[in-house]
Number of protein chains: 2
Amino acid sequence: MAEKVTIADVARYANVSRQTVSNVLNSPEVVREETRRRVREAVRVLGYRASQAARQMRTGRSRLIAARIEPAQQDGINGSVFDRFLHGLTESAARAGYRVLLYTADDHDAELATFDDLLGVYVPDAFVLTSTDYGDPRAAWLLEQRIPFVTFGRPWGVPPDQKYPWVDVDGAAGTATATRHLLAAGHRRIAFLGWPEGSGVGDDRRSGWARTLAEAGIGPDELSELDHRTEDGVPEGAAAVTALLAAGRPVTAVVCVSDSLAIGALQAGGDVAVIGFDDTPVARAVGLTSVSQPLGEAAARCVALLTDMLDGDAARRRSHGDAAPPDDDTGAPANTSVNQGAGARGPSRTTTSGDSPAHVLLEPTLVHRRSA
Amino acid sequence: MAEKVTIADVARYANVSRQTVSNVLNSPEVVREETRRRVREAVRVLGYRASQAARQMRTGRSRLIAARIEPAQQDGINGSVFDRFLHGLTESAARAGYRVLLYTADDHDAELATFDDLLGVYVPDAFVLTSTDYGDPRAAWLLEQRIPFVTFGRPWGVPPDQKYPWVDVDGAAGTATATRHLLAAGHRRIAFLGWPEGSGVGDDRRSGWARTLAEAGIGPDELSELDHRTEDGVPEGAAAVTALLAAGRPVTAVVCVSDSLAIGALQAGGDVAVIGFDDTPVARAVGLTSVSQPLGEAAARCVALLTDMLDGDAARRRSHGDAAPPDDDTGAPANTSVNQGAGARGPSRTTTSGDSPAHVLLEPTLVHRRSA
DNA sequence: TTGAAAGCGGTACCAT
DNA sequence: ATGGTACCGCTTTCAA
């Protein structure tokens with residue numbers, strides 16, 4: 001294995017000074033064409049790659065994005081959602097010249113401590129937060145420290161003076177689509193199996209169902225009769241549907257806030273149509289129709305938002321050395337301006353109302369299987 | 001937010017040289033008690049944390065462990081296994097003063113290229129490889145470059161001259177336990193639903209079943225009649241069991257190489273007892289008895305093996321600065337010597353036969369649910 | 001357009 | 001036991 005090739009080696013080989021090499025890498029336009037060629041050739045021949053540590057010492061940028069890896073939560077069924085997001089994040093980050101650094105934390109306090117630790121030692125350039133919800137202190141902390149971050153998830157119940165960029169999937173749109181699908185199939189008695197009130201994500205998903213039924217002429221009374229709340233879990237879902245079926249006017253279909261509840265609903269038997277949320281592996285396994293989040297896209301948008309903050313206007317300078325030989329412009333949708341109008345790019349809305357930070361709301365899709 | 005505190009600030013505050021501060025941090029025993037105290041106090045007051053980048057420049061160690069995050073594979077049911085491992089890895093690594101750096105790669109070639117890239121830029125101190133199997137070129141590459149690494153998974157079909165440390169779970173022991181459980185429950189016709197021959201993991205799991213039935217007096221002919229091979233997947237599992245039930249002498253129980261196949265087996269109905277492998281979320285959701293791998297323990301062992309290589313005999317020096325205030329000795333089982341005899345620590349075997357690298361074989365457990 | 005020199009924040013080596 | 005100094009590899013500033 002070749003010993004470490006430094007910028008000095010390249011300079012020597014190309015008969016230029018170290019600075020010129022650095023310039024070729026970081027500000028090519030300032031170097032004469034022919035010199036540039038010679039240096040690039042030297043880089044290629046020697047297999048030179050800039051040391052991130054050395055670069056970080058000068059620039060202060062680590063090209064690291066920190067993300068928490070969550071333990072398998074609850075029954076683990078919904079865990080795969082986060083994992084798929086994380087995979088997309090790693091992929092998009094790499095395209096943009098960043099790497100993902102993992103950390104764990106059992107609760108918010110531990111996480112803040114980890115932030116502090118990480119920032120003192122590895123100094124990630126940014127954080128990606130997931131599973132944000134009411135009373136989450138993490139965003140405020142990062143905001144105060146002026147550390148760049150994005151959340152995957154809207155700022156539920158966050159004080160209006162706390163503004164930060166986020167990416168999310170429109171849960172209400174998802175359940176609305178699911179409900180319309182059931183209406184179109186002839187169902188009228190369509191229940192909603194949701195979590196107890198107070199969860200941003202859960203309430204949002206409920207609203208799409210409620211709105212759609214209301215539009216279809218279902219009155220408020222019947223609506224609340226069809227609205228069922230329970231903790232997440234397979235047995236909970238089964239119990240809920242059993243109850244729903246035993247009611248005076250039984251339901252014929254159920255829209256669920258999660259695949260866990262939906263699996264339970266399916267197990268309860270009866271002849272109800274069931275639609276879940278998140279399109280987890282279980283859904284496919286048991287043939288459950290489910291609302292699917294575009295997680296890869298969401299991750300890519302998170303990275304795009306971050307690079308917009310981090311690379312600033314220098315973003316176009318292709319500043320991450322030569323690690324990516326093909327000067328592809330086919331990379332991540334990093335150039336998706338945060339100022340684009342609504343719907344400029346597929347089923348999503350990127351907004352920059354006034355001076356508030358950019359955010360992206362993505363549309364989920366319904367994956368049809370035999371359960372509905 | 002306090003501006004960055006450097007070692008010079010600490011030195012000034014404590015009235016010593018930078019070198020002495022460094023010594024207190026890295027070789028405390030060389031500093032006089034009272035000086036040490038003063039420096040430690042300064043560190044505390046100032047909130048000093050050593051910059052990893054600067055340290056890396058001198059020492060060449062990045063305190064980064066690279067691991068690949070895999071995309072949701074196949075039907076994704078087994079994906080959670082890897083994710084749980086990754087979570088454990090992150091946790092154990094943090095305890096040992098390391099962080100996990102993520103990367104992706106679509107195939108072996110891309111992964112080798114990523115190795116090269118990573119080593120040139122972020123320079124991880126070690127790699128953790130998963131899903132190793134026949135013809136996997138990654139280990140050979142890392143071995144040749146003399147990069148420290150561990151695999152989670154035995155070196156299936158690796159040339160005997162390629163030796164490296166690994167951690168694995170004894171799949172055969174798992175299926176043996178499953179099979180014994182079914183035998184004890186009175187079953188005689190116990191089929192095995194496995195993958196096509198040629199997969200190290202799959203063949204290993206099959207062998208545990210075969211061995212146990214043979215010991216119970218089942219002849220070779222009946223054994224091969226009970227041995228069913230198919231691609232992984234829920235529908236495949238259902239089809240296989242349907243076939244098995246239609247046979248002349250139907251089976252009453254099935255041991256499966258994966259939860260995916262087991263779910264299928266369950267769906268096929270009939271009155272067969274089913275046992276899966278990996279105890280994925282789906283298993284819990286549908287009440288499937290399944291063999292569970294001790295993934296957290298496996299991850300901890302991987303980290304222990306790595307730190308043994310990386311920190312060498314300095315391992316005991318608690319050398320990762322002050323990031324971990326509580327000088328806990330309750331941390332990872334990092335002190336589990338690689339030379340301990342068999343079974344010294346719970347249900348696992350750590351071996352160092354001759355001069356071959358250390359490896360650990362962990363015992364899985366059977367999680368009982370209503371499917372068997 | 002190119003080069004020389006300083007300095008980022010640590011650690012290793014050598015003196016004291 | 002403690003301090004001085006060089007140096008890790010890179011980028012930035014300033015001169016040539």
Side-chain angles (χ1 to χ4, degrees), chain A residues 2-39 42-43 46-63 119-123 314 317 319-323, chain B residues 2-39 42-43 46-63 119-123 314 317 319-323:
Chain A
E3 278 318 300
K4 202 171 215 82
V5 180
T6 79
I7 202 171
D9 299 322
V10 177
R12 205 171 307 127
Y13 187 99
N15 258 309
V16 295
S17 71
R18 301 186 306 166
Q19 296 60 34
T20 301
V21 177
S22 178
N23 282 336
V24 171
L25 265 29
N26 301 312
S27 318
E29 68 282 2
V30 90
V31 179
R32 182 163 31 114
E33 160 75 34
E34 198 266 330
T35 313
R36 202 188 311 160
R37 244 194 9 74
R38 239 180 35 245
V39 171
V43 164
L46 267 30
Y48 168 79
R49 242 85 48 79
S51 149
Q52 177 51 41
R55 173 178 285 178
Q56 180 178 347
M57 287 214 60
R58 267 325 280 193
T59 63
R61 333 288 296 6
S62 63
R63 304 209 74 93
L119 288 169
V121 181
Y122 292 85
V123 204
R317 262 200 276 143
S319 55
H320 48 289
D322 50 310
Chain B
E3 280 317 300
K4 201 169 216 80
V5 180
T6 77
I7 202 171
D9 299 321
V10 177
R12 204 171 307 127
Y13 188 99
N15 259 309
V16 295
S17 72
R18 300 189 301 163
Q19 185 49 34
T20 300
V21 177
S22 178
N23 282 337
V24 170
L25 266 28
N26 301 310
S27 318
E29 70 282 2
V30 89
V31 179
R32 188 172 17 125
E33 160 75 33
E34 197 266 333
T35 312
R36 204 189 310 160
R37 246 194 5 74
R38 247 188 17 254
V39 170
V43 165
L46 268 29
Y48 168 80
R49 242 84 50 76
S51 149
Q52 178 49 42
R55 173 178 285 178
Q56 180 177 347
M57 288 213 61
R58 247 348 260 198
T59 63
R61 335 287 305 359
S62 63
R63 303 209 75 91
L119 288 170
V121 182
Y122 292 85
V123 205
R317 262 197 276 142
S319 56
H320 49 287
D322 52 311

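Letters A, B, ... are given to chains in the order of the sequence lines, protein chains preceding strands, and every chain is numbered from 1.
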Inset, instruction - May I ask you to verify if any side-chain N or O of B/Arg32 is less than 4.0 angstrom from the OP1 or OP2 atom of D/dT2? - result: yes
Legend entry - Heavy-atom pair of closest approach, residues A/Thr6 and A/Tyr48: C-CE1, 3.5 Å
Legend entry - Range on DNA chain C touched by chain B, heavy atoms, distance below 4.0 Å: C/dG9 to C/dC13
Legend entry - Pairwise 5' ranking along DNA chain D for A/Ser51 and B/Gln19, keeping only the more 5' one: B/Gln19
Inset, instruction - Look at the side chain of A/Arg38 and the backbone N and O of A/Ala14, then say whether any donor-acceptor pair between them is shorter than 3.5 Å. - result: yes
Inset, instruction - Taking B/Gln56 for its side chain and A/Ala54 for its backbone only, find out whether a donor-acceptor pair lies under 3.5 Å. - result: no
Inset, instruction - Taking only heavy atoms on the protein side, list every residue of residues 9-18 of chain A lying under 4.0 Å from any atom of DNA chain C, sorted numerically. - result: A/Val16, A/Ser17, A/Arg18
Inset, instruction - Please state how far atom CZ in A/Arg61 lies from atom P in D/dT12, giving the value in whole angstrom units. - result: 11 Å
Legend entry - A/Arg49 CZ - D/dC10 P separation (whole Å): 12 Å
Legend entry - Under 3.5 Å donor-acceptor, A/Gln52 side chain and A/Arg61 backbone: yes
Inset, instruction - Using distance alone, with no hydrogens and no angle criterion, decide if B/Gln19 and B/Ser17 have a side-chain donor and acceptor under 3.5 Å apart. - result: no
Legend entry - Under 4.0 angstrom between B/Thr35 side-chain N/O and D/dT2 OP1 or OP2: yes
Inset, instruction - Apply the test side chain to side chain contact (heavy atoms under 4.5 Å, CB included) to residues B/Val16 and B/Val39: give CA-CA distance (whole Å), side-chain angles for both, the deciding distance (0.1 Å), then the verdict. - result: CA-CA 8 Å; B/Val16 295; B/Val39 170; 4.0 Å; yes
Inset, instruction - Could you tell me the separation between the CE atom of A/Met57 and the P atom of D/dC8, rounded to a whole number of Å? - result: 13 Å
Legend entry - Any residue meeting salt bridge (Lys or Arg N to Asp or Glu O under 4.0 Å) with B/Arg12, in chain and number order, not counting sequence neighbours: B/Asp9
Inset, instruction - Check whether any side-chain N or O of A/Ser22 sits under 4.0 Å from OP1 or OP2 of D/dC10, and answer yes or no. - result: no
Inset, instruction - Check for a donor-acceptor pair, side chain of A/Arg36 on one end and backbone N or O of A/Val31 on the other, with a separation under 3.5 Å. - result: yes
Legend entry - Approximate separation, where rounding is to 0.5 Å, of B/Arg37 CZ and B/Arg32 CZ: 11.0 Å
Inset, instruction - Just compare D/dG9, D/dT11, D/dA6 and give me whichever is closest to any side-chain atom of A/Ala54. - result: D/dG9
Legend entry - Phosphate OP1/OP2 of D/dA1: any B/Asn23 side-chain N/O under 4.0 Å: no
